[in-house]
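Structure record follows, encoded as structure tokens.
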Amino acid sequence: MKWRLTWVFWATTALHVAAIAIFTRGFLLTRTELPFHSGCSDVAGSPCAPRPGPAGSNGTGGSERCWTKPAVDRVVIVVLDALRFDFVAPSALFKEKKPWMDRLPVLQKLAFREGSSAKIFKAIADPPTTSLQRLKGLTSGGLPTFVDVGNSFGAPAITEDNLINQLVQNGKRVLMMGDDTWVQLFPHHFKRSYPFPSFNVKDLHTVDNGCIDNLLPSLYQEDWDVLIAHFLGVDHAGHIFGVDSLPMIEKLEQYNTVLENVISVLESQSGPGGLHENTFLLVLGDHGQTLNGDHGGGSAEEVETSIFAMSFKKPPSAIPSELDISCEYTLDERFCISSIQQLDFAVTVSALLGIPFPFGSIGRVNPELYALAGGTWNMEELKADKPEHDLKSTEWLHNYVNVLCINAWQVKRYIDIYSASSLIGFSSDDLVHVANLYAEAEATFAQKMDPLSYNSEHIKLSTLKRQINAYLRFLASVAELARSKWTEFNLTFMGIGLGMMLVSLLVHVLAIKMVNELHNGSFNPSGNSGISFGLIYAFFIVVIRACSLLSNSYILEEGKVANFLLATAGVAKIRYSIIKRKMIFEACLFLILICLLRFTIEIGLSKQAATSAFLHSSTSWMMGIDFNHPVLVYILQLLPMLALIGLAYLLYKSTADGSSQRICRIVVMGTIASYVLIVVHWASESNMLGLAQINAARNVIPRIIYAIGIGQMLLLAFSQLCNGSKVNNRSLFSKTVSMLSAWSPTVTILSGKQGPLITLASILGGYCIVMLQNIEEESNGTAKPSVVNPLSVTEWSLLALSMFFCTGHWCAFDGLRYGAAFIGFDEFVLIRQAILLTIETFGFSHIIPVFGLPFLVLRRKLFAQKELLVQLSLAYMMFGLIMAATVTVTILCVMIQRRHLMVWGLFAPKFVFDVAGLVLTDVLICLASLYYFCRPEDHTLEINTSRR
């Protein structure tokens, strides 16, 4: 009989896994990576090949040329991970000055100094803003797809053409130091490398100190052409402490000192014949970060970073004014900062070094960054006795037009080959539009390259400007096309996946109907035939929540929506309690708890965005609170510990009556011991009781807690295998308490000091739901027994969802608390850290609610003890149906919105979190069925088949 009640769990799990895999195959397809690489000889087939004429007459001829004439000899690239734009830009650019601004004064001083050959840019990254994806974008010049986010913890080597590959293939020696992700992406490319582990976010100094120790000595050496130093301290400081913190400011000031030393060394050897006479310095971020220190999404804080560029071979002039470059002025109009797309980085650096552009690059050679290098100007011709302004502009624009010609030809070649090689490619209309723009630019270039005009000393600046604009229009059009239609959606696979999810919903409904008929029960709380108000109410709540997922605005406010719907269900309960004049205290307590959860959800959302309404509406009273007051500090430190003591007392009382099984009492004692260890661990991390010096326990105590939890799980599993007792209320209660006790310490310590308070809120909310679920029942003793209340299961699901947002999470990769994965560990091991991060993320919203669901059944008024398993299976089926229904609508939403502007920034992360939560829920329900349901030979239900 057990399998007649639980087969649906295994069947729907298999259906969901298959449906998600097929849908994902159609939705999250990676961009087709072509195996082709650019070579020096390729340019001979382009319309940009130099015509016969005086060598160097256009600034690009000569024997040194590959695709473009090298403009710099060496490049120093300093990557400051998670470098926000306002870390670099002057505070005068913003309405309000913040403590972290103007902490890199050396860059501002050089960029805005009169006659300087340095410049600050606002760099715009393409989401998602994970480090792996941004490094791939920076080096390939392409748009890595959303799937690459999943590889952020295990970066695979880049196989498509890229800047690093072109450097090596063309004899450039590359030196790398810092973040070891570079070595994983380019395992055999560096002449020398000094990689350091990058995934311990609690470690602010190892990678940075490694860079500092090797960077300055390397600047005096001649065995490299390109030096890459990747610092991580700012990224880790943001993840752990946030942007507005003392460690962040200290890191920025440390970077300022490092950059001062680097620039001093480069300048000291930049004279004629010096080692760095023609060296180009680039200081850049791979992405930004939110005020809470997170990144991965597409908000302005995350995609806006900065590039500082400085040439030590001073160009004779700024960029020609004929190009009309727009920029963003500071409030006092003293400084102007231009913008650059990160997409343009690889091709611009390639042009400066004179190497072929990466085959798959769709960026453009940025004119301002290119003009900073003195080598892009014809220095010899400038000494001639000619009108200086015309000479400067004409010579440089000639040079830049030829570079753009090669740039456009390379992009057009890639688009043509990609469309021919890829299964779907671009639409014919898009290709025709791109071809027309390229033909227009090519025709203009052919006229300029006519021998009569080619040998002319003076070509009108307006002609050159028109030519440049034609190329820039073509390149901008291709970039826009790629951003809007890059991913190849397979609608067939997506449709099959959606169809299988709908089939799983039908299986759920039929299984509930079958088990209900087996039980001969009723969904009406009065015990009569028919549909109850609670069932209709629950149905509409689920439908409303599911439909809200079709709007990006409601997805952003999903926590508030869940809390509102939970409050709506609570109002229905308080209505019955007033009518029946019972359970009024529990109903009111439930609504008060919901209000408190709403407040905590707002606090969690305030971490997500600085524009949160909570911050604006609550600033007035929050500003009057001194959070550094000793009394308040001690209260905030003691409150979680007191909550843990309360939890330990509740556990002890639950097993103190002697009715609990021996295994349950053993597990509970282990949990209480773990709670004591957590208190000691938190006290050792604070200044309380003088225990802050006990550093040895920092990793030991969490590991002991994990070991106790694993031991408890093994004990419960062994007990389930060996215990042949029948399932009854007492044994089911003991099993439930034991399982929740085994999970509780691990989930609590990973969640931080909010863990005990969230646990108490979960217990209180679950208690109210359990107590109020029978309030509608009016059994007359002869009617059919009612099944578990669908409205109570719906409330249980909404409470679980509220806990996800109460703990400060949201459905985006910057909503993950990566620091939790390193509680108890300093070194990075993929599987171990992934498990810890999963437990922290889904502990209160999935693990605890699934294993705690039997409490809804234990309070039921059963006509016979044998109905217990039937009721429990119905509760799990309803819970699974609610989860599957919302995920099905999420999949439908993603399918509809696949071309939406926010598909990769919002809808795709929501899809990933929801399907991961669904699969985890299915697995947990299957495990719960093995644990809570007795073995077939131990329990037999008498089935009255004549009633069916």
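Quantities reported herein were computed from a predicted structural model and do not represent experimental measurements. The analysis underlying the following values was restricted to heavy atoms, covering all of them including side chains, and did not include hydrogens, waters or symmetry mates.
Under the 4.5 Å side-chain criterion, counting only non-hydrogen atoms from C-beta, Phe933 is in contact with Ser873. A 4.5 Å side-chain heavy-atom check between Cys811 and Pro909 finds every atom pair outside the cut-off. In this structure the side chain of Leu791 reaches within 4.5 angstrom of the side chain of Ile541, judged on heavy atoms. When side chains are defined from C-beta on, Tyr931 does not count as touching Ser719, because their heavy atoms never get closer than 4.5 Å. Using a 4.5 Å heavy-atom threshold, the side chains of Cys768 and Leu593 count as separate. Here the side chains of Phe590 and Glu795 are in contact, with some heavy-atom distance below 4.5 Å. Between Arg545 and Leu801, the closest side-chain pair of non-hydrogen atoms falls below 4.5 Å. A heavy-atom distance below 4.5 Å is found between the side chains of Ser929 and Trp10.
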**Stepwise side chain to side chain contact (heavy atoms under 4.5 Å, CB included) test for Phe911 and Thr24** = CA-CA 10 Å; Phe911 165 77; Thr24 301; 3.6 Å; yes
**Full working for side chain to side chain contact (heavy atoms under 4.5 Å, CB included) between Thr759 and Phe844** = CA-CA 8 Å; Thr759 302; Phe844 284 111; 3.2 Å; yes
**Message:** Assess the residue pair Tyr706 and Ile701 against the criterion (side chain to side chain contact (heavy atoms under 4.5 Å, CB included)); give the C-alpha distance rounded to whole Å, side-chain angles, the decisive distance to 0.1 Å, and a yes or no.
**Reply:** CA-CA 9 Å; Tyr706 301 153; Ile701 292 179; over 6 Å; no
**Request:** Show your reasoning for whether side chain to side chain contact (heavy atoms under 4.5 Å, CB included) applies to Tyr652 and Leu647.
**Result:** CA-CA 9 Å; Tyr652 175 77; Leu647 288 174; over 6 Å; no
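Judged purely by distance below 3.5 Å, without hydrogens or angles, the side chains of Lys735 and Gln720 pair a donor atom with an acceptor atom.
The structure places OG of Ser797 at 10.0 Å from CG of Leu566, a figure rounded to the nearest 0.5 Å. How far CG of Leu650 is from CG of Leu760: 7.0 Å, rounded to the nearest 0.5 Å. Considering CD1 of Ile848 and CG of Leu799, their distance stands at 12.0 Å, rounded to 0.5 Å.
Under the rule for a side chain to side chain contact (heavy atoms under 4.5 Å, CB included), the partners of Tyr767 that lie at least two apart in sequence or sit in another chain are Glu586, Met771. Checked against ring-ring contact (aromatic ring centres under 6.0 Å, His included), Tyr537 has the following partners two or more places apart in sequence or in another chain: Phe533. Residues passing the side chain to side chain donor-acceptor pair (under 3.5 Å) test with Ser751: none are found, sequence neighbours excluded. When the side chain to side chain donor-acceptor pair (under 3.5 Å) test is applied to Lys910, the partners found at least two apart in sequence or on another chain are Glu558, Asp914. Under the side chain to side chain donor-acceptor pair (under 3.5 Å) criterion, His846 pairs with no residue, sequence neighbours left out. Annotation: side chain to side chain contact (heavy atoms under 4.5 Å, CB included) contacts of Leu642 (sequence neighbours excluded): Ile645. For His239, the ring-ring contact (aromatic ring centres under 6.0 Å, His included) partners at least two apart in sequence or on another chain are His295, Tyr818. Take Thr888 and apply the side chain to side chain contact (heavy atoms under 4.5 Å, CB included) test, not counting sequence neighbours, and it matches Leu498, Met501, Leu502, Leu505. Listed by chain and number, the residues in a side chain to side chain donor-acceptor pair (under 3.5 Å) with Asp922 are His16 (sequence neighbours excluded). In terms of the side chain to side chain contact (heavy atoms under 4.5 Å, CB included) criterion, residue partners of Ala546 (sequence neighbours excluded) are, by chain and number, Val889.
Around atom CG of Leu506, more than 12 heavy atoms belonging to other residues, nucleotides or ligands sit under 6.0 Å away. Surrounding CZ of Phe825 are more than 12 heavy atoms belonging to other residues, nucleotides or ligands, all under 6.0 Å away.
The nearest pair of heavy atoms linking Asn563 to Leu597 is ND2-CB, 3.7 Å. In terms of heavy atoms, Pro756 sits closest to Leu644 at CG-CG, 3.6 Å.
The aromatic rings of Tyr932 and Tyr876 lie parallel to each other, with less than 30° between the two planes, well short of the 60° mark. Aromatic ring orientation, Trp743 versus Phe851: parallel (interplanar angle below 30°, classes split at 30° and 60°).
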Please set out all donor-acceptor pairs under 3.5 angstrom arising from side-chain atoms of residues 708-717, sequence neighbours excluded.
from: Gln712; atom 1: NE2; to: Val667; atom 2: O; distance (Å): 2.7
from: Gln712; atom 1: NE2; to: Thr671; atom 2: OG1; distance (Å): 3.1

In residues 834-842, what donor-acceptor pairs under 3.5 Å come from side-chain atoms, sequence neighbours left out?
from: Thr838; atom 1: OG1; to: Ala834; atom 2: O; distance (Å): 2.8
from: Glu840; atom 1: OE1; to: His809; atom 2: NE2; distance (Å): 2.9
from: Glu840; atom 1: OE2; to: His809; atom 2: NE2; distance (Å): 3.2
from: Glu840; atom 1: OE2; to: Arg817; atom 2: NH1; distance (Å): 2.7
from: Thr841; atom 1: OG1; to: Leu837; atom 2: O; distance (Å): 2.8

